[in-house]
Amino acid sequence: MSLDKVKLISLPKISDPRGNLSFFESGVHIPFEIKRTYWIYDVPGGEIRGSHAFKESQEFIVALSGSFDVILNDGNQEVKYSLNRSYFGLYVPKLIWRRMENFSTNSLALIGTSHEYQVVDYIRNFEKFKLLKNEKES
Ligand code: TYD
């Protein structure tokens with residue numbers, strides 16, 4: 001799985017003088033069924049989240065409030081996405097290393113994911129991740 005499968009997805013935005021509304025649906029705006037949703041909030045300045053890859057889980061990350069950076073690495077290349085609008089989301093396929101940093105005050109990251117929480121789905125060692133990627137590609 002390489003970085004070319006990563007996608008910044010533009011979501012519907014229903015502009016309204018009463019306040020705007022956006023949404024996403026599995027299979028319509030994002031290419032997988034959501035099994036679980038979690039969110040990251042109250043991140044102290046300078047903290048880093050993530051720093052792992054998933055063997056199977058695909059994720060969709062939205063900056064519901066504030067801003068943060070998502071740095072993705074496929075074992076060869078690295079790319080940084082700055083998320084700062086609630087009507088854009090970042091699709092991250094399985095087997096991509098991710099790190100989230102530079103959280104603004106009061107930022108809120110919403111993550112929809114394709115699998116239930118399973119410890120065994122995590123790869124938390126970057127060297128092991130690179131070895132696994134090389135095995136899969138050879
Ligand atoms: P982790 O996925 O490591 O956080 P990060 O997004 O920074 O990589 O999860 C942190 C802790 O929360 C870890 O002990 C596992 C727990 N956790 C759950 O119990 N359920 C979940 O759905 C998630 C995402 C994490």
Side-chain angles (χ1 to χ4, degrees):
M1 202 49 73
S2 62
L3 290 174
D4 55 7
K5 298 274 193 306
V6 170
K7 227 179 358 184
L8 191 63
I9 296 173
S10 173
L11 299 171
K13 180 181 180 190
I14 315 291
S15 299
D16 192 310
R18 298 171 302 160
N20 302 329
L21 182 152
S22 289
F23 59 93
F24 55 87
E25 293 178 13
S26 296
V28 178
H29 307 99
I30 58 171
F32 62 89
E33 283 294 323
I34 296 171
K35 277 265 179 61
R36 174 168 53 101
T37 304
Y38 62 94
W39 47 101
I40 296 173
Y41 54 100
D42 291 348
V43 179
E47 283 297 341
I48 295 175
R49 302 289 318 216
S51 298
H52 53 69
F54 294 113
K55 292 176 196 154
E56 292 300 333
S57 295
Q58 306 168 60
E59 291 200 324
F60 186 63
I61 306 172
V62 182
L64 276 192
S65 177
S67 62
F68 51 87
D69 296 336
V70 185
I71 293 105
L72 301 176
N73 191 311
D74 64 3
N76 285 314
Q77 281 178 294
E78 193 157 278
V79 64
K80 179 167 93 175
Y81 287 89
S82 295
L83 301 184
N84 55 14
R85 294 281 182 269
S86 61
Y87 50 87
F88 277 98
L90 185 64
Y91 168 64
V92 184
K94 68 180 182 178
L95 287 172
I96 298 285
W97 189 270
R98 87 286 319 276
R99 192 171 81 236
M100 296 164 73
E101 62 185 34
N102 199 21
F103 286 87
S104 69
T105 305
N106 288 330
S107 56
L108 171 58
L110 179 78
I111 298 118
T113 182
S114 60
H115 286 66
E116 288 101 0
Y117 174 72
Q118 281 184 308
V119 175
V120 291
D121 197 33
Y122 281 77
I123 307 167
R124 291 195 180 271
N125 179 304
F126 188 64
E127 292 309 313
K128 280 191 187 153
F129 167 72
K130 280 206 290 193
L131 281 175
L132 188 73
K133 295 288 284 189
N134 290 335
E135 273 168 31
K136 283 187 186 287
E137 277 157 23
S138 60

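Not measured: the values here are computed from a predicted model. Ligands are counted one by one from 1 in listed order, and the atoms in each one are counted from 1 as well.
The shortest non-hydrogen separation linking Val62 to Gly89 is CG2-CA, 4.0 Å. In plain terms, the two heavy atoms of Ser2 and Asp4 that are nearest each other are OG-OD1, 2.7 Å.
Here the heavy atom of the protein found nearest to atom 2 (O) of ligand 1 is Tyr122 OH, 2.5 Å. When only non-hydrogen protein atoms are considered, atom 10 (C) of ligand 1 lies nearest to Arg49 NH2, 3.8 Å.
Residue contacts with ligand 1 for Glu59 are absent, since no atom lies close enough (heavy atoms, distance under 4.0 Å). Only the side chain of Ile40 comes within 4.0 Å of ligand 1, judged by heavy-atom distances.
Around atom 23 (C) of ligand 1, the closest heavy atom drawn from His115, His52, Arg36 belongs to Arg36. When Phe54, Trp39, Tyr38, Tyr117 are ranked by how near their heavy atoms come to atom 20 (N) of ligand 1, first place goes to Tyr117. When the heavy-atom distances from atom 5 (P) of ligand 1 to Ala109, Ser57, Gly50 are ranked, the shortest goes to Gly50.
Across Phe23, Phe24, Phe60, a single residue satisfies ring pair (Phe, Tyr, Trp, His ring centres under 6.0 Å) together with His29, and that is Phe23.
No side-chain heavy atom of Val79 sits under 4.5 Å from any side-chain heavy atom of Val6. Proximity of Tyr81 to Arg98: side-chain heavy atoms (C-beta onward) are nowhere separated by under 4.5 Å. Taking 4.5 Å as the limit, every side-chain heavy atom of Phe54 sits out of range of all side-chain heavy atoms of His115.
Atom 14 (O) of ligand 1 is not flagged as protein-proximal [any protein heavy atom, distance under 4.0 Å].
In this structure, the separation between CG on Leu21 and CD1 on Ile14 is 6.5 Å, given to the nearest 0.5 Å.
Residue contacts with ligand 1: Arg124 is included, with a non-hydrogen atom under 4.0 Å away.
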